[in-house]
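Below is one structure; the comments refer to it alone.
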Amino acid sequence: MGAFDVVVLGGGTAGVHVATEAAAGGKSVAIVEAGLIGGESPYLACLPSNSLLLSAARGQTWEDAVARRNEVTGGLDDSAPARRLADAGVTVIRGTGRIARPGTVEVTLAPGHAQGGQDRGQGGQDGQDGQDGQGQDGQGQGQSEGSVTLTYADLVIATGCEPVAPPIEGLTDIPAWTTAEILCSPDLPRRLIVLGGGAAGCELTQIYAAFGSQVTLVEAEPALLPSEPAFVGEILATALRRAGAEICLGAAATKAEHTSDGLTLALADGTRIDADRLLLASGRRPRLSGLGLDALGINLTPGMALPTTTTCRVTGTNDPPDGSGRVWAAGDVTGITHTHASHYQARVVAANIMGQRREADYSAIPRCVFTTPSVFAVGIVPQADDGLTTARADLGDTVRASLNADDVGAVELYAEDGVLVGAVAVGPDASTWMGEVTLAIRAKVPATVLADVVHAFPTYGEALETALRELAGTRGIGVAADQEEKGSGQVSDLDMETPEDDAIEQHQEVVADENETGPRREVPFEVNEADAAEQEVAVGFDDDDYR
């Protein structure tokens, strides 16, 4: 293949974004991917999961939900994204890369892809000028395997993550799914065990329970979503039980056995659960094995993430004497496993490759679970004796909750020295009304300023006002006092204009215009005179009327 300015290992969210931006900046770029261009998120994770959740909420049948999921994921055909990369000037190579030495990558081509061919996607587009798509009309047609050597000035490692099978006796003998396998399967098991109470496990539990499966969710820790505050898991467990799922907490799975009608899973507390399928949603790790990192002087134990600087540069690697051979990392390989974080890191990497120094700030990376109720978390989770100030508000206290008759939830905010550093919310569409908190944490906005923000009525965002006022109050600094320091003053009830005052004011303006002896002043908007005259009558407005 030859020399490239940038070689990207991994064609997922991060890899595609880095490759596209670097190519747009004039760099020669090759991207190496053996699987789907775009990674798991659009085909086997976020998009199909959310599609099924929406179908369940709309009351669709399982068959319609599967059809909709397949439409959303494009039937696992990555031709279109591969073409977009090629059109952007990126050389797409189907295969697996291994670092041979600093500055050089050896690529073992995937079966069906000709040596020296640039791929146009797994959909089998015709190749031109040596471009190959499944070996059709491309140079070197018919060669099913081979290898190519690439050299680079910048290497980007973006190979994603992979599922980890827990140490359970007999696991290999039973019918089990990974999250990727279940999200592309048309099957609806009658009995399903979900192993793992993290985000994926909770979402898939709700999905399959909604469509009629008898679902048992097993989590070894005492609560669901164990990395979040305890109240989050408690609310979500209640919701999942209400949906028909059984929740088993605080007992690890120890043994799996194949039975005549499926499988049996034994837990450490003696519980035995019968099912037709087992879903492994118990953890993932960075996909780094076989990359040849030792050639760069990087030695990691299995499960470790790549250590990086704030510029997303891999630490422990040194530039060769000629200054080339820089190594970067973005996405799940860094240990931050969120698609939006992968996008963010990719922008940081691309900017630095182009010579525009940029540093990543991870203080406000959102964490979402799209169940009903949904979960939104960002920033720091409080630990014992960490000195953080906590404020809480219940969504049930808002008018929106009574209007929608929704399952209630709660929001907690965490501050340090009067500045918001973390937040967690459980409630309907939490991600839609918690976005401002992400900005506040990233911008380090003082709690006293946030407490003075006005939220639309009636919305769940009003719960934030309650919690923020509590945060400001616990520091002994009220919003009014803060305003007085700035000289703005607080408006009293007597100083505020009431609807009655407004009606009198409008009447006076109309009368003045009608009795003028000089030229009539043109009003810059249409005036309904009947309405104005009507307001002259004493209506007896309620002072609490907000309209």
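With contacts defined as side-chain heavy-atom distances shorter than 4.5 Å, the pair Thr179/Leu279 qualifies. Side-chain contact between Pro166 and Leu280 is present, with at least one heavy-atom pair separated by less than 4.5 Å. Tyr362 has its side chain within reach of Gln345: a pair of non-hydrogen atoms, C-beta onward, lies under 4.5 Å apart.
For Glu436, the CD atom sits in a packed shell: over 12 heavy atoms of surrounding residues, nucleotides or ligands are nearer than 6.0 Å.
Listed by first then second residue, pairs satisfying salt bridge (Lys or Arg N to Asp or Glu O under 4.0 Å) with a partner in residues 29-40 read Glu40-Arg284, not counting sequence neighbours. Counting only residues at least two apart or in different chains, salt bridge (Lys or Arg N to Asp or Glu O under 4.0 Å) contacts with residues 204-216 are absent. Residue pairs that meet the ring-ring contact (aromatic ring centres under 6.0 Å, His included) test with at least one member in residues 221-247, sequence neighbours left out, do not exist here. Counting only residues at least two apart or on different chains, the ring-ring contact (aromatic ring centres under 6.0 Å, His included) pairs with a member in residues 36-80 are Trp62-Tyr208, Trp62-Phe211. Residue pairs meeting the salt bridge (Lys or Arg N to Asp or Glu O under 4.0 Å) criterion with at least one partner in residues 174-193, sequence neighbours excluded, are Arg191-Asp261, Arg191-Asp276. Residues in residues 244-290 take part in no ring-ring contact (aromatic ring centres under 6.0 Å, His included) pair, two or more places apart or across chains.
We find the CZ-OG1 distance between Arg285 and Thr337 to be 15.0 Å, quoted to the nearest 0.5 Å. Considering CG of Leu471 and CG of Leu413, their distance stands at 5.5 Å, rounded to 0.5 Å. Here the CG atom belonging to Leu54 is positioned 9.5 Å from the OG atom belonging to Ser49, to the nearest 0.5 angstrom. Considering CD1 of Ile441 and CG of Leu439, their distance stands at 10.0 Å, rounded to 0.5 Å. Distance check: Lys255 NZ to Ile168 CD1 gives 12.5 Å after rounding to the nearest 0.5 Å. Rounding to the nearest 0.5 Å gives a distance of 11.0 Å between CZ of Arg58 and CG of Leu53.
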Step-by-step side-chain contact (heavy atoms from CB on, under 4.5 Å) determination, Leu263 to Leu278: CA-CA 8 Å; Leu263 65 97; Leu278 174 68; 4.2 Å; yes
Worked verdict on Phe376 versus Thr432 for side-chain contact (heavy atoms from CB on, under 4.5 Å): CA-CA 9 Å; Phe376 182 93; Thr432 62; over 6 Å; no
side-chain contact (heavy atoms from CB on, under 4.5 Å) assessment of Ile182 paired with Leu192: CA-CA 11 Å; Ile182 197 172; Leu192 175 67; 4.2 Å; yes
Residues Leu224, Leu240; criterion side-chain contact (heavy atoms from CB on, under 4.5 Å); working and verdict: CA-CA 11 Å; Leu224 299 180; Leu240 293 178; 3.9 Å; yes
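For His338, there are no side-chain hydrogen bond (donor to acceptor under 3.5 Å, both in side chains) partners at least two apart in sequence or on another chain. Scored by the side-chain hydrogen bond (donor to acceptor under 3.5 Å, both in side chains) test, Thr339 finds Ser41 as partners (sequence neighbours excluded). Under the side-chain hydrogen bond (donor to acceptor under 3.5 Å, both in side chains) criterion, Arg241 pairs with no residue, sequence neighbours left out. Remark: Asp64 engages Thr61 in a side-chain hydrogen bond (donor to acceptor under 3.5 Å, both in side chains) (not counting sequence neighbours). Partners of Thr254 according to the side chain to side chain contact (heavy atoms under 4.5 Å, CB included) rule, which considers only residues two or more places apart in sequence or in another chain, are Ala266, Ala268. Considering only residues two or more places apart in sequence or on other chains, Asp274 meets the salt bridge (charged side-chain N to carboxylate O under 4.0 Å, His left out) condition with none of them.
When all heavy atoms of Arg94 and Gly35 are compared, the pair lying nearest together is NH1-O, 2.9 Å. Heavy atoms only, all atoms of each residue included: Ala467 and Ala391 are closest at O-CB, 3.2 Å. The shortest non-hydrogen separation linking Thr73 to Pro42 is CG2-O, 3.4 Å. In terms of heavy atoms, Ile193 sits closest to Val218 at CG2-CG2, 4.1 Å. Asp386 and Val381 get closest at one heavy-atom pair: OD2-O, 4.5 Å. When all heavy atoms of Ala393 and Ala463 are compared, the closest pair comes out as CB-O, 3.4 Å.
A donor atom on one side chain and an acceptor atom on the other are not found under 3.5 Å apart for Gln206 and Thr371.
Ion pairing between a basic and an acidic side chain is recognised when a charged N comes within 4.0 Å of a carboxylate O; Arg287 and Asp332 show no such pairing.
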